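See below for the structure under consideration.
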2 protein chains.
Amino acid sequence: MFKKVLVADDLLSINQGVVSVLDTLKITDVQEVQYCDDAYLKVKKAAQDNEPIELLITDLSYKKDHRNETYTSGEELVKVLKKEHPELKVIVYSVEDRLQRVRTLMNKHNCNAYVCKGRRGLIELNTAINTVYNNDTYLSPQVAAATSPKTNIEIDDFDIILLKQLSLGLSQEGISQHLQKKNLSPYSLSSIEKKINKLKTQFGANNTIHLVSIAKDLGLI
Amino acid sequence: MFKKVLVADDLLSINQGVVSVLDTLKITDVQEVQYCDDAYLKVKKAAQDNEPIELLITDLSYKKDHRNETYTSGEELVKVLKKEHPELKVIVYSVEDRLQRVRTLMNKHNCNAYVCKGRRGLIELNTAINTVYNNDTYLSPQVAAATSPKTNIEIDDFDIILLKQLSLGLSQEGISQHLQKKNLSPYSLSSIEKKINKLKTQFGANNTIHLVSIAKDLGLI
DNA sequence: TAGTTAATTACGGCTTTCCGTAAAACGAAA
DNA sequence: TTTCGTTTTACGGAAAGCCGTAATTAACTA
């Protein structure tokens, strides 16, 4: 089993729950932090000292406060850590259950597990730790659909811009002008129509309102 | 200070944090539940036995599981309890920070305090308990704007239905038929147009997409 | 009951969006 | 350069939505 584990979560009270789970797993070397930057530094330091942290359990959302931090979200933290320390196992433990977020974390950032906070959260966390230790990945049941192929939709940055502008109340004509002003192409009304139409098909939306609504639910915008 | 307090939250680990705060306030008679229904029954029972619970601290969102519950959200719980036991003090303790939700709870359901979970959550909870004990209301700073007059918008259940149906992708014609089928009035296309138009004015939305987007951001739907 | 007011519904002209088709522009490879 | 395929743009008819006006119905009051 893991020997050295780092727990990052800005709610100290939840931290305690996680630590109790680690306790039942006989993991004694457990460190806790409340800020992303602290987590980053701890991992770096441990690696440098040749006593690397084996597992990171982190939340996604950290409330901002007075501190001026480099990394302000769990996602950023995971992204950079997994890049610089691919051998570090990462379990995300969050209330967030939007599939798109989960998908990005698992597929793009190579997280090892995603556990939803909830009534069964700590139980699932227990399972996740064991599964990850055996070099497998784990997902809470309610987000298990996140990595299934059919959710695998190609959405690029341009699409996100379109959806965002729509959600801000711009007409298609208005979006066209907005894009032109920003030197983004394509910007013709016709192209915008076509792209929106494609998105509607991809998401199975009945109309543009529905499309934007879905995009918001997925956490795309 | 309060003597008898009930804590309801489906994350047992957070419960522990709340309990520790109560502990520092020398409140010894603290009960804990993880389901809304249990909270309801406890309050009823205590009132019947003439040993009423003085303060309820509750979360808003309870993950659903196998149990078939009458009350599935903190909001429902608060609504019914405040109606049947106006003398019961209620503090909502939740990660939710959407103003509309807070506003409804404070103004409509007469909550006594709203504290956002977060880094300073337990500190603010402490303040809230003291403030409520002195018959005043308390709001976490980030939601303090919730009860300011300018946020005071009149939205009724019918409006919510309209917004919901729009977000689900129905056309105005489709909504008309939906309402007619459900024997809800008014259901004419003309009335629906008019109501949507009014909502757009109220929320300062440029078009219907914008309106639904705003409604989602506010947590109305 | 009649009169007044508000809510609901109906309608028509106008704009925006929708959707299919097709032309023009662009980029890569022969 | 020519060719082929893709992307972007253009256009036009149909549908949906927008908006002002007006008729009808409901609700309330004197």
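All figures in this text were calculated on a predicted structure; none of them were measured in a lab. First the proteins, then the strands, lettered A, B, ... as listed; each starts at 1.
- The stretch residues 204-211 of chain A has no heavy atom under 4.0 Å from DNA chain D, so no residue of it qualifies as close.
- A search for side chain to side chain contact (heavy atoms under 4.5 Å, CB included) contacts involving Ala205(A) returns Lys200(A), His210(A), Leu211(A), Ile214(A), not counting sequence neighbours.
- With sequence neighbours excluded, the residues forming a salt bridge (charged side-chain N to carboxylate O under 4.0 Å, His left out) with Glu75(A) are Arg101(A), listed by chain and number.
- Atom CD1 in Ile196(A) sits roughly 7 Å away from atom P in dC18(C) (whole-Å rounding).
- Following rounding to the nearest Å, Leu162(A) (CG) and dC18(C) (C1') show an atom-to-atom distance of 16 Å.
- The side chain of Asn197(B) approaches dC19(D) more closely than any other nucleotide in the set dT9(C), dC18(C), dC19(D).
- Rounded to an integer number of Å, the gap from Tyr187(A) OH to dT7(D) C1' is 14 Å.
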Q) Base, backbone or nothing for each nucleotide of nucleotides 22-27 of chain C, written B, S, -, heavy atoms under 4.0 angstrom, 5' to 3'? A) B-----
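- Rounded to whole angstrom, the span from the CG atom of Leu184(A) across to the C1' atom of dT8(D) amounts to 15 Å.
- When rounded to the nearest whole Å, the span between NZ of Lys198(B) and P of dA6(C) equals 13 Å.
- By the salt bridge (charged side-chain N to carboxylate O under 4.0 Å, His left out) test, Lys44(A) pairs with Glu84(A), sequence neighbours left out.
- The nearest heavy atom of DNA chain C to Lys200(A) and to Pro186(B) marks one nucleotide each, and the one closer to the 5' end goes with Pro186(B).
- Going from atom CD1 of Ile192(A) over to atom CD of Gln165(A) covers 9.5 Å, rounded to the nearest 0.5 Å.
- Between Asp159(A) and Lys198(A), no side-chain nitrogen of the basic residue sits less than 4.0 Å from a carboxylate oxygen of the acidic one, so the salt-bridge criterion is not met.
- A search for side chain to side chain contact (heavy atoms under 4.5 Å, CB included) contacts involving Lys79(A) returns His109(A), not counting sequence neighbours.
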**Q.** Worked verdict on Asp37(B) versus Lys42(B) for salt bridge (Lys or Arg N to Asp or Glu O under 4.0 Å)
**A.** CA-CA 9 Å; Asp37(B) 283 12; Lys42(B) 284 240 183 220; over 6 Å; no
Table please: side-chain donor-acceptor pairs of residues 128-137 of chain B below 3.5 Å, with sequence neighbours left out.
unit_1, atom_1, unit_2, atom_2, d
Asn130(B), ND2, Asn126(B), O, 3.1
Asn130(B), ND2, Asn126(B), OD1, 3.2
Thr131(B), OG1, Thr127(B), O, 2.7
Tyr133(B), OH, Met1(B), N, 2.8
Asn134(B), ND2, Asn130(B), O, 3.2
Asn135(B), OD1, Lys89(B), NZ, 2.8

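- In this structure, the side chain to side chain contact (heavy atoms under 4.5 Å, CB included) partners of Leu189(B), at least two apart in sequence or on a different chain, are Gln172(B), Glu173(B), Glu193(B).
- For Phe158(B), the ring pair (Phe, Tyr, Trp, His ring centres under 6.0 Å) test picks out no residue, with sequence neighbours left out.
- Between the CG atom of Leu199(A) and the P atom of dC18(C) there is a distance of 12 Å, given to the nearest Å.
- Heavy-atom distances under 4.0 Å link DNA chain D to Ser171(B), Gln172(B) of residues 165-176 of chain B, given in residue order.
- We find that CG of Leu189(B) is positioned 10 Å from P of dT9(C), with the value rounded to whole Å.
- Every ring pair (Phe, Tyr, Trp, His ring centres under 6.0 Å) that Tyr40(A) has, sequence neighbours left out, goes to Tyr71(A).
- The salt bridge (charged side-chain N to carboxylate O under 4.0 Å, His left out) check on Lys45(B) picks up Asp49(B), with sequence neighbours excluded.
- Spacing between atom CD1 of Ile192(A) and atom C1' of dT7(D) amounts to 14 Å, rounded to whole angstrom units.
- Using a 4.0 Å cut-off, no side-chain N or O of Lys195(A) falls inside it from OP1 or OP2 of dT7(D).
- Remark: Ser188(A) is in phosphate contact with dT9(D), judged by side-chain N or O atoms under 4.0 Å from OP1 or OP2.
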